[in-house]
Each structure stands twice: as structure tokens, then as C-alpha cells.
Number of protein chains: 2
Amino acid sequence: MPTYDLDELDWKILEQVQTDGRITNHELSERIGLSPSPCLRRLKHLEAEGVISRYVALVDPSQVGLGVSAFIRVRLDQQGDHHLDAFEKAVAEIPEVMECYLMTGDADYQLRVLVDSLASFEDFLRYNLTRMPGVSQVTTSFALRPVVYRTALPALSKKSAKSRD
Amino acid sequence: MPTYDLDELDWKILEQVQTDGRITNHELSERIGLSPSPCLRRLKHLEAEGVISRYVALVDPSQVGLGVSAFIRVRLDQQGDHHLDAFEKAVAEIPEVMECYLMTGDADYQLRVLVDSLASFEDFLRYNLTRMPGVSQVTTSFALRPVVYRTALPALSKKSAKSRD
DNA sequence: GATATATTGGCATTATATTCCAAAAATGCA
DNA sequence: TGCATTTTTGGAATATAATGCCAATATATC
């Protein structure tokens with residue numbers, strides 16, 4: 001849940017830094033219509049509160065030979081808390097796992113993994129996934145091509161956006 | 001396919017900037033064991049080549065009230081090129097769509113969308129998705145909880161990593 | 001082994017971030 | 001509405017970092 005209230009200016013800052021994480025404070029302050037020092041203070045505040053969790057460079061997977069995205073749905077043989085924990089800890093250790101979610105529906109988890117080839121994917125399945133604690137059923141679909149990949153969050157619709165008229 | 005060969009130092013740079021996109025060049029150069037100016041030149045080169053596609057701030061969805069991740073599998077009624085194009089263009093316009101992939105298997109597309117509530121999700125389905133060109137079947141699963149979310153790519157295993165012994 | 005090419009390291013310059021403090025604005029309260 | 005308090009702002013001074021340049025070193029080529 002939202003730790004503290006964001007006003008218009010904070011949202012503008014988030015919008016900008018989500019687009020360009022290396023924007024200078026000066027440029028940022030101009031875009032949001034505020035002078036540099038309060039702008040910086042707001043930014044630091046957003047960082048300190050954890051609203052901005054981190055800054056990263058995004059590397060194009062296809063440029064470095066990582067052409068295969070696989071979506072894997074996993075069922076565990078038991079769903080008790082410590083079975084889930086064990087699986088989650090194990091999965092977090094594997095660098096090929098870009099995303100993993102605990103799911104509703106007939107799969108317990110869904111993973112997106114990134115590998116350079118189908119051969120590597122097979123290795124991943126054999127040596128990593130199927131050896132993980134509690135894994136009983138695994139179903140894979142492959143992405144033929146990425147269409148959208150976004151890290152910037154959508155703006156909140158009406159309601160939560162605190163209006164100040 | 002890889003546009004140009006990355007050596008050990010380039011990989012180290014990528015590893016670092018994927019972890020901290022605002023690392024100073026000085027700090028970066030120390031971590032990879034090189035002096036600042038060639039380090040900066042390599043970094044700029046990686047940017048210019050598009051290996052580093054961009055720098056972004058990551059905002060924690062739960063901190064801003066975006067608590068619901070939905071995975072949607074979509075079938076189109078026809079799969080000709082311009083039906084796919086039309087769908088893809090439409091989908092790219094919707095800010096709630098964080099990811100979309102053209103898939104193998106029985107769904108044509110898989111989307112991850114991020115909304116603040118089930119009510120918003122219903123709006124998304126009614127007013128956005130089902131009105132999009134060619135959509136015939138839609139199947140949703142929800143994420144109960146994110147387990148892993150990573151933007152740093154896995155290191156390439158052996159093979160493609162050009163060894164220089 | 002000599003020449004050519006590419007890469008590196010250090011320095012000077014320019015740009016950027018950070019800190020501090022006084023001024024202004026917003027808020028709470030009578 | 002008017003006054004006091006709190007919060008936020010803007011600008012100037014200082015510290016830190018990025019950038020461009022050039023000579024020195026290392027690497028590759030023949």
C-alpha cells in the first residue's frame with residue numbers, strides 16, 4: 001500500500017525518471033516546472049521512501065544473443081507454506097528466471113525465462129527446474145517475438161490520484 | 001544477433017550498469033579494473049551500439065497502489081500479417097500493458113497488465129482489450145504475488161562468450 | 001622484429017550534484 | 001479573517017563527476 005501521498009509534481013518526476021533514468025536534475029526540474037533544488041529533494045525523497053526502488057540500464061537481449069523467451073507454468077506436488085518458500089528461494093537464484101509469480105488458477109507459478117537457444121532451454125529444464133523442490137508439472141510456451149516490454153508504470157486512473165482543486 | 005563482440009570488460013560494465021544505472025563512471029571504472037576514460041568510452045560505445053537500450057528508474061508498483069498483475073492469453077479470429085499488426089499497434093498504446101509477446105501454442109499473444117484493482121481490470125477488459133481489432137478469445141490468470149522481477153540479463157553460458165586465453 | 005592500429009591513463013575543462021540559508025507559500029488555529 | 005507555525009521553494013557556493021584531448025602503452029599485422 002502507498003506509503004505516502006504523491007502530489008502532481010511527484011508523479012511528473014516519476015514519469016520522467018522512468019523514461020530516462022539518467023536525466024540531469026536540471027533538465028528534470030525544467031520539465032516538471034520547478035527549480036533544481038526542491039526538485040532534487042523530491043527525487044531523493046522518492047528514493048528514500050522506496051517509491052523509486054532502483055535505477056538500471058536495460059540491455060537489449062537480442063543484441064547479446066539472448067533470443068529465446070519461454071513462459072513456464074509450474075505445479076508443485078504440495079502447496080504448504082514451506083514448500084512454496086523452498087521453491088521461491090530456489091527460483092530466485094537462477095539468473096535465467098527474469099520473472100516469477102505465484103498464480104491463481106491451475107498453475108502454482110508462472111515464470112519467464114530468457115536463454116540463448118532451445119538447447120540452453122533444455123539444459124535449464126533438466127538441470128535447474130525439474131530438480132527444484134516440489135516441482136511436479138511443467139508446461140512451456142515460447143515467445144516468438146516480443147511486442148511490448150515496458151518498465152514504466154501506468155498512471156493511476158482518477159480515484160487514487162489526489163486531486164487538489 | 002549480436003552486432004559486435006563484447007569482451008570481458010564490456011560484460012563487466014553491463015553487469016554493473018544493469019545493477020546500478022546511476023553508478024558514477026569513476027566507481028564503475030574501479031569495479032571493472034580500468035581507468036575512468038577508457039571505461040567511459042566503452043560505456044558510450046555500448047550505448048551507441050544499442051546494447052544498452054536505455055536507462056530507467058524502476059518504481060515499485062505496490063508503493064503506488066498498482067497491486068494487480070494479470071496475465072492474459074489472447075486469440076485472434078484471423079492470423080494474417082495485417083491482423084497481427086493491427087492488434088500489436090493497438091496493444092502498444094495501452095499503458096497498462098507492461099509486456100506482450102507473440103506466442104507459440106494455442107494463444108496468439110500473452111500480455112501482462114498492471115492495474116490497481118479488479119474493477120480496473122474489468123474496465124480494461126471491457127473498454128480496451130475486447131474492443132481491439134480481431135480479438136476473439138481471452139483467458140486471464142492473476143498473479144497473487146510477484147516472486148522474482150529482474151531486468152538484468154543472465155550471463156551467456158560458455159559458447160558465445162568469446163574466450164581469450 | 002618493425003610498423004601500423006587500437007586502447008589506455010592522466011590532466012584540464014566543463015557540466016552536474018549537493019548543501020545551506022533566507023524568502024515565500026501553504027497550513028493550522030483562534 | 002488574521003496571526004503564528006510549518007513546509008516548501010529558489011539561488012548561490014562548494015564538492016563531485018563527466019568529458020575531451022593527447023601522449024604513452026599495448027596489441028595486432030606483416
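Sequence lines set the chain letters: A, B, ... in the order given, protein chains first and strands last, and positions in each chain run from 1.
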Report task. Please report the C-alpha distance between A:Arg54 and B:Thr151 in whole Å, then the side-chain angles of each, then the deciding distance to 0.1 Å, and finally whether the side-chain contact (heavy atoms from CB on, under 4.5 Å) criterion is met. Result -> CA-CA 11 Å; A:Arg54 45 203 249 273; B:Thr151 55; 4.1 Å; yes

Taking only nitrogen or oxygen atoms into account, show me every contact under 3.5 Å that the protein makes with nucleotides 23-29 of chain D, one pair per line with its distance.
none

**Report entry** Check against side-chain contact (heavy atoms from CB on, under 4.5 Å), B:Leu14 and B:Leu6
**Finding:** CA-CA 10 Å; B:Leu14 291 181; B:Leu6 305 175; 3.9 Å; yes

Are any protein N/O atoms closer than 3.5 Å to N/O atoms in nucleotides 5-7 of chain C? If there are, list each pair with its distance.
none

Same apolar cluster (I L V M F W Y, side chains within < 4.5 Å links), [X]/[Y]:
X: B:Val56; Y: A:Ile52; answer: no
X: B:Leu153; Y: B:Leu156; answer: yes
X: A:Val68; Y: A:Leu111; answer: yes
X: B:Val147; Y: A:Phe124; answer: yes
X: B:Leu144; Y: A:Val97; answer: yes

Requested in this report: Note the angle between the end axes of the helix from C:dG1-D:dC30 to C:dA30-D:dT1, five pairs defining each, rounded to 10 degrees.
Outcome: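 One end's axis against the other's: 50°.
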
Just how far, in rounded Å, is [atom2] of [N] from [atom1] of [X]?
X: A:Leu28; N: D:dG10; atom1: CG; atom2: P; answer: 13 Å
X: A:Leu43; N: D:dT8; atom1: CG; atom2: P; answer: 16 Å
X: A:Ile23; N: C:dA15; atom1: CD1; atom2: C1'; answer: 15 Å
X: A:Ile13; N: D:dT8; atom1: CD1; atom2: C1'; answer: 13 Å
X: B:Asp10; N: C:dT8; atom1: CG; atom2: P; answer: 9 Å
X: A:Leu34; N: C:dA25; atom1: CG; atom2: C1'; answer: 13 Å
X: A:Leu40; N: D:dA13; atom1: CG; atom2: P; answer: 19 Å

Shorter than 3.5 Å, N or O on both sides, protein versus nucleotides 15-17 of chain D: list them out with atom names.
none

Query raised in the report: Is the gap between the ring centers of A:Tyr101 and B:Phe71 under 6.0 Å?
Result: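 Centroid distance A:Tyr101-B:Phe71: below 6.0 Å, so yes.
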
Query raised in the report: Taking the six-membered ring where the residue is Trp, are the ring centres of B:Phe121 and B:Phe142 under 6.0 Å apart?
Result: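 Yes; B:Phe142 has its ring centre under 6.0 Å from that of B:Phe121.
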
Query raised in the report: After noting the C-alpha distance and the side-chain angles of B:Asn25 and B:Cys39, does the key distance pass the side-chain contact (heavy atoms from CB on, under 4.5 Å) rule?
Result: CA-CA 7 Å; B:Asn25 184 55; B:Cys39 179; 3.6 Å; yes

Less than 3.5 Å apart, which donor and acceptor atoms pair up between the side chains of residues 125-135 of chain A and the rest of the protein, not counting sequence neighbours?
from, atom 1, to, atom 2, distance (Å)
A:Thr130, OG1, A:Leu125, O, 2.8
A:Thr130, OG1, A:Arg126, O, 3.2
A:Arg131, NE, A:Arg126, O, 3.4

Query raised in the report: So, is A:Lys44 near the phosphate of C:dA17, with a side-chain N or O under 4.0 Å from OP1 or OP2?
Result: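 For C:dA17, OP1/OP2 do not have a side-chain N/O of A:Lys44 under 4.0 Å.
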
Report task. Report the residue from B:Arg75, B:Gln137, B:Gln79 that forms a side-chain hydrogen bond (donor to acceptor under 3.5 Å, both in side chains) with B:Asp108. Result ->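 The residue from B:Arg75, B:Gln137, B:Gln79 that satisfies side-chain hydrogen bond (donor to acceptor under 3.5 Å, both in side chains) with B:Asp108 turns out to be B:Gln79.
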
For nucleotides 12-14 of chain C, tabulate all protein N/O to nucleotide N/O atom pairs closer than 3.5 Å, reporting atom names and distance.
none

Query raised in the report: Does any N or O donor sit under 3.5 Å from an N or O acceptor when you compare the side chain of A:Ser35 with the base of D:dG11?
Result: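 There is none.
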
Do the non-hydrogen side-chain atoms of [X] and [Y] ever get within less than 4.5 Å of each other?
X: A:Leu34; Y: A:Arg42; answer: yes
X: A:Gln16; Y: A:Leu28; answer: yes
X: B:Arg145; Y: A:Glu88; answer: yes

Requested in this report: Select one nucleotide: of D:dG10, C:dT19, C:dG10, the one nearest the side-chain heavy atoms of B:Ser37.
Outcome: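 Among D:dG10, C:dT19, C:dG10, the one nearest the side chain of B:Ser37 is C:dG10.
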
**Report entry** Between CZ on residue A:Arg73 and OG1 on residue A:Thr140, distance to nearest 0.5 Å
**Finding:**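 Between atom CZ of A:Arg73 and atom OG1 of A:Thr140 there are 11.0 Å.
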
Query raised in the report: When you match B:Arg22 and B:Leu9 each to their closest nucleotide on DNA chain C, which lands nearer the 5' end?
Result: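 Looking at the nearest nucleotide for each, B:Leu9 comes out on the 5' side.
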
